[in-house]
> 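A single structure is presented below for examination.
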Amino acid sequence: MDLSCTPEEEEFRARLREWLGTVLPALPAAPPPDDWPGRRAYDLGWQRMLYDAGYARVHWDASPTLRLIFLEETERAGAPYVGANFVGLLHAGPTIAAEGTAEQRARWLPPILRGEHVWCQGFSEPEAGSDLASLRTRARRDGDAYVVTGSKIWTSHAEVADWCELLVRTDPAAPRHRGITWLALPMDAEGVTVRPLRTLAGSAEFAEVFLDEVRVPVANRVGEENDGWRVTLVTLSFERGTAFVGEVVACRRVLAALARAARGDGRWDDPGLRRRLGRLDAEFRGLWRLVQWNVSAAEASGGGPGVAGSVFKLRYSHARQELYDTAAEVLGPDCLDLDRPWVRDRLSSLSYTIAAGTSQIQRTIVAERILGLPRGR
């Protein structure tokens with residue numbers, strides 16, 4: 001498989017790199033991590049700049065290779081991360097682009113691209129654990145609306161969101177994977193209550209969401225009623241396929257900084273630490289090649305990331321945790337100081353083997369859908 005770029009793709013890279021070099025020095029300082037209204041305004045402002053420069057649609061309309069180049073170059077240049085736009089740009093938006101009607105695409109996609117709307121993800125529930133298909137939030141049909149009652153947890157960016165990609169159970173009598181529907185919920189609807197959750201690192205990008213007889217128009221349904229599990233698999237393929245690409249580049253940059261820090265404080269003399277840093281360097285180089293392979297395969301097939309994204313997500317989650325455990329070793333006693341570099345990242349890395357599907361779930365996907373192993377009994 002050819003992993004090299006075409007002349008046209010390299011021209012796109014050069015043009016993007018030049019633009020980033022022009023606009024990034026003039027950006028204002030980012031707000032504090034816990035100022036989510038400020039972060040919303042900052043992230044939407046950056047998205048608007050991308051839109052005005054013609055780069056906003058790269059996540060959906062460009063080829064997989066151009067998306068990869070965009071994510072690689074923006075991360076290497078230190079451009080703002082998608083932040084509050086994460087769900088809209090990398091989850092809900094691609095799903096609506098793939099599964100929505102022409103009217104839905106015209107309604108929801110342009111505001112995401114212009115930096116006008118923030119989306120959150122209403123998938124996880126308090127009693128469902130890692131078994132997403134066992135969700136209990138109910139939606140009964142009442143004329144031209146669904147009446148939704150239930151709750152969600154770990155809802156990304158709910159506190160500042162305009163819309164929520166929401167999974168509901170529309171047929172309790174159906175097998176659990178067949179009675180689910182994917183809805184777009186307006187967060188200002190009557191009956192929606194948001195309660196922020198504070199994480200171990202002190203941030204509050206997640207929330208509980210309570211739904212009390214909330215009316216959601218049937219027109220907000222993406223896909224057919226009770227076909228939401230299939231639509232959800234489309235969403236998850238994007239979440240596990242390309243959503244973490246920029247973070248691989250960031251981890252490689254952190255790894256280089258760790259090596260410099262270790263040389264500066266004498267810890268480089270420890271052969272065990274050098275071996276760990278060398279192995280992590282090989283690990284992230286391999287992950288980057290896996291990303292390229294997945295992107296090339298998606299481009300050749302004309303589809304999305306597919307189940308191969310689970311292979312990447314599984315290994316990346318553990319490699320990231322190993323990276324920041326090594327950072328703690330380099331920092332020594334300073335690894336307990338939240339104001340030191342890498343400490344908050346180490347705390348957040350603990351969630352990666354759970355978020356976007358646990359490592360156990362990813363292993364099951366790889367075993368059954370890639371290796372063809374029989375299902376467990």
> Calculate, to the nearest 0.5 Å, the distance between atoms CD1 and CH2 belonging to Ile96 and Trp108 respectively.
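It comes to 6.0 Å.
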> With no hydrogens and no angle check, is any side-chain donor or acceptor of Arg105 less than 3.5 Å from a backbone partner on Gly100?
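The answer is yes, because a donor-acceptor pair under 3.5 Å joins these two groups.
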> Could you tell me whether Asp270 and Arg267 make a salt bridge, using a distance below 4.0 angstrom between a side-chain N and a carboxylate O?
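Looking at Asp270 and Arg267, the cut-off is not met.
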> Quick one: are Arg252 and Glu283 in side-chain contact, heavy atoms under 4.5 Å?
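Heavy-atom side-chain distance check fails, nothing below 4.5 Å.
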> When rounded to the nearest 0.5 angstrom, what is the spacing between CD1 in Ile153 and CZ in Arg195?
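The distance works out to 10.0 Å.
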> Nearest heavy-atom pair of Gln121 and Thr155: which atoms, and what distance?
O-CG2, 3.2 Å
> Using the ring of each side chain (for Trp, its six-membered ring), is Tyr55 parallel, tilted or perpendicular to Phe12, with breaks at 30° and 60°?
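Rings of Tyr55 and Phe12: perpendicular, as their planes differ by over 60°.
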> Using side chain to side chain contact (heavy atoms under 4.5 Å, CB included) as the criterion, point out the one residue from Val216, Leu185, Thr193 that pairs with Leu211.
Leu185
> Output yes when Glu18 and Arg13 qualify as a salt bridge under the 4.0 Å nitrogen-oxygen rule, no when they do not.
no
> Do the charged groups of Arg215 and Asp142 touch, with an N to O distance under 4.0 Å?
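Salt bridge: yes.
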> When rounded to the nearest 0.5 angstrom, what distance separates CG in Asp227 from CD1 in Ile180?
10.5 Å
> Below 4.0 angstrom, N of the basic side chain to O of the carboxylate: do Arg107 and Glu103 qualify?
no
> Hey, does Gln47 have a side-chain heavy atom less than 4.5 Å from the side chain of Leu50?
yes
> Quick one: does any side-chain atom of Arg253 pair with a main-chain N or O of Glu75 as donor and acceptor, under 3.5 Å?
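Between the backbone of Glu75 and the side chain of Arg253 there is a qualifying donor-acceptor contact (under 3.5 Å).
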> Quick one: do Glu159 and Arg40 make a salt bridge, cutoff under 4.0 Å?
no
> Where do Pro31 and Asp35 come nearest, in terms of heavy atoms and distance?
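So the two residues come closest at CB-OD2, 3.9 Å.
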> Is any side-chain heavy atom of Leu280 less than 4.5 Å from a side-chain heavy atom of Glu322?
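Touching, per the 4.5 Å side-chain cut-off.
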> Should the pair His177 and Trp229 be assigned to parallel (<30°), tilted (30 to 60°) or perpendicular (>60°) ring geometry?
perpendicular
> Under a 3.5 Å cutoff, is there a donor and acceptor pairing between the side chains of Asn226 and Arg169?
no
> Work out which heavy atom in Val160 is nearest to a heavy atom in Pro37; give both atom names and the distance.
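In terms of heavy atoms, the two residues are closest at CG1-N, 4.1 Å.
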> Examine the side chains of Arg57 and Tyr51 and answer whether a donor and an acceptor come within less than 3.5 Å of each other.
no
> Could you list the cluster mates of Phe210? Members are the ILVMFWY residues connected by side-chain heavy atoms closer than 4.5 Å, either directly or through other members.
none
> Between Thr170 and Glu225, do the side chains contain an N or O donor and an N or O acceptor separated by less than 3.5 Å?
no
> Could you check if a side-chain atom of Arg138 sits within less than 4.5 angstrom of a side-chain atom of Val168, using non-hydrogen atoms only?
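Side-chain contact under 4.5 Å: no.
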> Listed by chain and number, what are the salt bridge (Lys or Arg N to Asp or Glu O under 4.0 Å) partners of Arg276, not counting sequence neighbours?
Glu329
> Identify the two heavy atoms, one from Ala79 and one from Trp46, that lie closest to each other, and give their separation to 0.1 Å.
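Shortest heavy-atom separation between Ala79 and Trp46 comes out as CB-CZ2, 3.8 Å.
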> Should the heavy atoms of other residues, nucleotides or ligands under 6.0 Å from CZ of Arg178 be counted, would the total exceed 12?
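Incorrect, the count does not exceed 12.
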> Could you measure the distance from the SG atom of Cys164 to the CG atom of Asn220? Nearest 0.5 Å is fine.
11.5 Å
> Apply the test salt bridge (Lys or Arg N to Asp or Glu O under 4.0 Å) to residues Arg230 and Glu99: give CA-CA distance (whole Å), side-chain angles for both, the deciding distance (0.1 Å), then the verdict.
CA-CA 10 Å; Arg230 184 191 62 80; Glu99 298 291 333; 2.9 Å; yes
> Please round to the nearest 0.5 Å and tell me the distance separating atom SG of Cys120 and atom CH2 of Trp163.
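Here the interatomic distance stands at 11.5 Å.
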> Tell me, do Pro80 and Tyr42 make a side-chain contact under 4.5 Å, heavy atoms counted?
yes
> In terms of ring plane angle, is the pair His91 and Phe86 parallel, tilted or perpendicular, where the classes change at 30° and 60°?
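Perpendicular: the ring planes of His91 and Phe86 meet at over 60°.
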> Take atom CD of Glu224 as the centre, draw a 6.0 Å sphere, and report whether it contains more than 12 heavy atoms from other residues, nucleotides or ligands.
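Open.
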> If you measure only the distance, is there a donor-acceptor pair under 3.5 Å linking the side chains of Glu125 and Thr137?
yes
> Taking all heavy atoms of Ile69 and all of Leu16, pick out the closest pair and write down the distance.
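The answer is O-CD2, 4.3 Å.
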> When you measure from the centre of the six-membered ring of Tyr146, is the NZ or CZ of Arg221 under 6.0 Å away and within 45° of the axis?
no
